[in-house]
Amino acid sequence: MRQPTYYELVYAVVKLIPRGRVSTYGAIADFLALGSARMVGWALNKSYTAGGVPAHRVVNRRGELSGRNHWPSPSMMQEMLEQEGVSVEDNRVKDFGRLFWSPAELGENFEIHI
DNA sequence: TGTTTGACCACGG
DNA sequence: GCCGTGGCCAAAC
């Protein structure tokens with residue numbers, strides 16, 4: 001075995017975002033307490049296709065789909081969110097304040113599954 | 001090996 | 001509300 005790399009930690013957290021909710025780069029970075037929000041975005045860039053990581057549930061702090069341009073199609077991210085019941089309007093998550101989910105809700109019981 | 005690059009964020013003016 | 005700046009640190013080159 002080896003130590004999980006930073007982006008594997010990010011994937012693990014992103015996978016825990018509940019269906020129909022969204023989280024932010026900053027919240028994840030803050031929860032991991034390792035670095036910065038930029039690294040979270042960078043990590044997702046490397047692996048938005050790395051099996052089973054719901055990267056579409058991660059948006060920036062204003063609820064904007066800042067990563068949409070990195071998808072095979074820019075509209076794909078929005079479509080996936082809407083499939084889960086998250087309304088998106090003008091590249092922004094509608095009712096972002098209500099749908100926002102913080103990994104801090106997990107408490108201290110966070111386990112990594114790689 | 002040093003430098004550059006990021007799907008960002010908080011802060012000050 | 002906008003704009004510039006600094007911070008953050010792993011990977012790529």
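Because the structure is predicted, anything quoted here is derived from the model rather than measured. Chain letters run A, B, ... following the sequence lines, proteins first, then strands; residues in each count from 1.
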Q: I want to check something: taking the side chain as every heavy atom from C-beta on, are L44(A) and V58(A) in contact at a cut-off of under 4.5 Å?
A: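 The answer is yes; the side chains approach within 4.5 Å.
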Q: Ignoring backbone atoms, establish whether N45(A) has a side-chain N or O less than 4.0 Å from OP1 or OP2 of dA7(B).
A: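 Looking at the OP1 and OP2 atoms of dA7(B), one of them is under 4.0 Å from a side-chain N or O of N45(A).
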Q: Measure from the side-chain heavy atoms of A37(A) and tell me the nearest of dC9(B), dA7(B), dA10(C).
A: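 Comparing dC9(B), dA7(B), dA10(C) against the side chain of A37(A), the answer is dC9(B).
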Q: Show the distances under 3.5 angstrom between N or O atoms of the protein and N or O atoms of nucleotides 11-13 of chain B.
A:
none

Q: CG of L65(A) versus C1' of dC8(B): gap in Å, rounded?
A: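 After rounding, the reported distance stands at 15 Å.
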Q: Could you tell me how far apart L34(A) (CG) and dC9(B) (P) are, to the nearest whole angstrom?
A: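 Atom CG in L34(A) sits about 17 Å away from atom P in dC9(B).
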Q: Mind checking whether P103(A) and S23(A) have side chains closer than 4.5 Å, heavy atoms only?
A: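 Of all side-chain heavy-atom pairs linking S23(A) with P103(A), at least one is under 4.5 Å.
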Q: Please report the distance, rounded to the nearest Å, between CE in M39(A) and C1' in dG7(C).
A: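 Rounded to whole Å, this separation is 12 Å.
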Q: Between P on dG6(B) and CG on N69(A), what's the gap in Å once rounded to a whole number?
A: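 Nearest whole value for this atom pair: 13 Å.
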Q: Are the side chain of S102(A) and the backbone N or O of E105(A) linked by a donor-acceptor pair below 3.5 Å?
A: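 Answer holds: no.
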Q: Picking from dA12(C), dG6(B), dA7(B), which would you name as closest to the side chain of K46(A)?
A: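 Of the candidates, dA12(C) comes closest.
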Q: Taking E84(A) first and then R57(A), would you say they form a salt bridge - that is, a charged N and a carboxylate O separated by under 4.0 Å?
A: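 Between R57(A) and E84(A) there is a salt bridge, with a charged N closer than 4.0 Å to a carboxylate O.
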Q: In whole angstrom, what separates R92(A)'s CZ from dA7(B)'s C1'?
A: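 About 17 Å, once rounded to whole Å.
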Q: Mark yes or no for whether D90(A), through its side chain, and R92(A), through its backbone, hold a donor-acceptor pair below 3.5 Å.
A: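 Pair absent, no side-chain N/O of D90(A) close to backbone of R92(A).
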Q: Would you say that more than 12 heavy atoms from the other residues, nucleotides or ligands in this model lie under 6.0 Å from the CZ of R21(A), or not?
A: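 More than 12 heavy atoms, drawn from other residues, nucleotides or ligands, come within 6.0 Å of this atom.
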Q: Which nucleotide in the set dA7(B), dC8(C), dC9(B) lies at the smallest distance from any side-chain heavy atom of N60(A)?
A: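 The closest nucleotide is dC9(B).
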Q: Where is the tightest heavy-atom contact between K15(A) and V53(A), given as atom of each residue plus distance?
A: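 Distance-wise, the nearest heavy atoms are CE-CG2, 3.9 Å.
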Q: Separation of F100(A) atom CZ from dC8(B) atom P, in whole Å?
A: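 About 16 Å, once rounded to whole Å.
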Q: Can you tell me the distance, in whole Å, between the CZ atom of R38(A) and the C1' atom of dA11(C)?
A: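 The answer, rounded to whole Å, is 14 Å.
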Q: Using atom CG of L32(A) as one end and atom P of dC9(C) as the other, report the distance to the nearest whole Å.
A: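 Result: 13 Å.
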Q: Looking only at side-chain N and O atoms, does S36(A) come under 4.0 Å of OP1 or OP2 in dC9(B)?
A: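 No.
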Q: Base of dA10(C), side chain of Y6(A) - is there a donor-acceptor contact under 3.5 Å?
A: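 By the distance-only test, no, there is no pair.
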